[in-house]
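Right, one structure below, let's go through it.
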Amino acid sequence: MTDQELNPAAAAAPRAPRRRRVGRLSGRDKAVVAVLLGLPILLDLAFIWGPALATVGLSFTKWNGVGGLSTKICQPNVPSILNNGCLYGVQNYHQAATIYPEFWPAVRHNLIWLAVFVFFATPLGMFFAVLIDRGIKGSRMYQSILFLPVMLSLALVGIIWEFMYSQNYGLINTVIGHNHNGNAIDWLGNPKLNLWSVLIEASWRQAGYVMVLYLAGLKAVDPQLREAALMDGTNAWQTFWKVVFPVMRPINIVVMVVTVIESLRAFDLVYITNKGINGLELLSVLVTSNIVGETQRVGFGSALGVILLIISLVPICTFLYLTFRRETQPKGAR
Amino acid sequence: MTSPRIPQNFERPFARRGLLKGMGAAAAFATVPGALAACSSSKSSGSSGGNAGSATSPVTFGSNYSDASPKAAFAALCAAATAAGGPKVTINTVDHNTFQNNITSYLQGTPDDLFTWFAGYRMQYFAAQGLALPLDDVWAKIGGNFSASVKTLSTGLDGHQYFVPIYNYPWVVFYNKSHFAQKGYTVPTTWDDFITLCKKMKSDGIVPLAFADKDGWPALGTFDILNMRINGYDYHQKLMKHQVPWTDQGVTAVFDKWAELMPYMQTGANGRIWQDAAKTLEQKQAGMMFQGTNQVAAQYVSDNANLDDLDFFPYPAINPTYGQDYMDAPTDGFMISKKAKNPAGAKAILEYIGTAAAESAFLKTDQWDVGVATGLQAPSYDAIQKKSVTAISSCKAVAQFMDRDADPAMATAMISIIQKFIDDPSTGNITSLQNSAEQQAKAIYTS
């Protein structure tokens, strides 16, 4: 009985103030809210979810971009020019996974790229940031030098490194004396080497990027914390891991997200190097090479795009989960 | 002239902006299939207006001749066409990479009356889908200026002409005359002579064949020529149209011969751009190089190397049945879009362009391409160009290039397969690569 008396009140209590708050808004306020919320939602639907869903739809068709789409089913064993704009079922996905030789290497390369960024480039950038933050001599100069690559577009980074890696005329081979036709090291052409060569280019830039982000975070850390830690007799290593690093959790998450995004959207470097063939296949390149061009395989390229979307959704969902949990947790605790 | 320097689909100096535009177009595409359907439904009305327009009202010309020197030559060509009694021409130049990537949406949208394009299947593909206007009446007037093989190149799958050519260039084996004279080498005409020469060069410490395939497309040329030398032109055409399977014995023979030659080709080709390979020829570190005049001679010019010393010979014969009868000689030219607003005016322009006089005027500043009109010897030709004319005209048939004769998606697949072959030319790998090529061909051509 008492429960019943209490419950409605308990249930209504959180709802009532919210209703009152909305009620308090004037008509003009509501219009402003509607515009400010509605416009981004509309843009989001039109330019992000619309194309994304259209891509999902197109991935079940066979279409070369000429003429319209129809709802008839593709016939087997007919010249593809007569079999255009038709429904193709999951054939695109099936072909990608079975007979498209670039697909699995691309998935593997994307994962390697992610791993190198997470375990090498990003920690390296964080390391630079910590070093510079400690105020070593000439830190401003180091900071500028390390940040310089970030100001270059990735396409330019690719071109610059081509001068380094060129077999017969490149800096590296010339310096180590391997620029003759017999002994030249084929940095960008050997499929066993070139992914790593390009990852060095990518890390060269990524480390600087992470460094700047992290440096900003480090500067914001309250110096008193460090002083306190120092008073307690910790060494530099302990100060960082036990005090500074936990305090920087928001920045850490941002850096992690940037790292994952940068590695999934990797495209420019391999495209400028050799258009993403011969050991440099990435999913993003495969999407482009099938959709952009004279004779397009829109359906097949879309299927690859959907696969990339699904892979991207994993870190995106994780990030959103972490962010929202962080926001709701304190409220729940109170 | 130089859309030339990078004539294929896979060009090097690439425009990032162009790519982005292309992606934008593709994205726009992907979102509005309905709008496209609307475009294609207007096709019927477009064809009924096929003979509208007047030969004197202005026309527009979509051009991919975006580099400075061909752009100027092209503008002069259009001006000359107007001066010769044609209508006034407005040229809309687009970066050539962008132009090619956007061609599908361009032709279905609001295209210019005339546009620059390439001969072969690359032309037939768009003609067959009703995006180009048949030019039989133009060919009735200009047909006498061209050989039968050039007319075949300009003919669509339905037997109508859709294309008016302007120039082409041969894929041949280049060498430095002074180098050959100094070392006492002679020009080989048979495969055995060729291999003997390669061995001799190798023992002299010279790279026999400069070779680069970082961009993917140059090695397609080697596949093409070996295929035409071993299996002939008809087989090449059938293979490109997938009327012969890629697992065929003939394709195996091509890869086997190539594997035989591989020890004499510059190593690490997958990481070298063809410009660097041409430099090793210029510096006589390499004895020979197989590629188009449009690349090698052009590179000699841009490097200020000794162009007078450069010479070439057609690829040596392998199968006596076909001798040295065929080669790749990619042809560029012009088409009229189906949606042209003034087809009559556009045809008047093409009737002028399809003449020897127009071609030799266009090639005035060009040092490596040659006109395609019968027997044309433009006064501005250098030794390479004069020899190119002879080399091309002595062929029984010329192919265009794998990415122009085949569905470009298949050419893309072959780029990757041939790079894998270059990495590992073993018999076992050849078999697996042929299987992969055939599976992909089935997906691209028929399923």
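Chain A is the first sequence line, chain B the second, and so forth, proteins listed ahead of strands; every chain is numbered from 1.
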Check this for me: does any side-chain nitrogen of one of B:D407 and B:R122 sit under 4.0 Å from a carboxylate oxygen of the other?
no
B:K241 atom NZ: more than 12 heavy-atom contacts under 6.0 Å
yes
Charged N to carboxylate O under 4.0 angstrom, A:E281 versus A:K275?
no
Which of the residues B:Y106, B:F126, B:Y125 is involved in the greatest number of heavy-atom pairs with chain A at under 4.5 angstrom?
B:Y125
Sort B:D423 into side chain, backbone, both or neither according to what part of it lies under 4.5 angstrom from a heavy atom of chain A.
side chain
Which atoms of A:N278 come close to chain B, meaning under 4.5 Å heavy atom to heavy atom: side chain ones, backbone ones, both, or neither?
both
Bottom line for B:E438: the part with an atom under 4.5 Å from chain A's heavy atoms is neither
Sequence neighbours left out, what passes side-chain hydrogen bond (donor to acceptor under 3.5 Å, both in side chains) with B:Q434? Give chain and number order.
B:T252
Select one option (side chain, backbone, both, neither) describing which atoms of B:A409 are under 4.5 Å from chain A's heavy atoms.
both
Quick check on the interface: out of B:Q419, B:Q439, B:K279, who has the most heavy-atom pairs with chain A under 4.5 Å?
B:Q419
Extract all donor-acceptor atom pairs below 3.5 Å that involve side chains of residues 97-106 of chain A and protein atoms in other chains or at least two apart in sequence.
unit_1: A:T98; atom_1: OG1; unit_2: A:H94; atom_2: O; d: 2.7
unit_1: A:Y100; atom_1: OH; unit_2: A:N290; atom_2: ND2; d: 3.1
unit_1: A:E102; atom_1: OE2; unit_2: B:S416; atom_2: OG; d: 2.5
unit_1: A:W104; atom_1: NE1; unit_2: A:A97; atom_2: O; d: 2.9

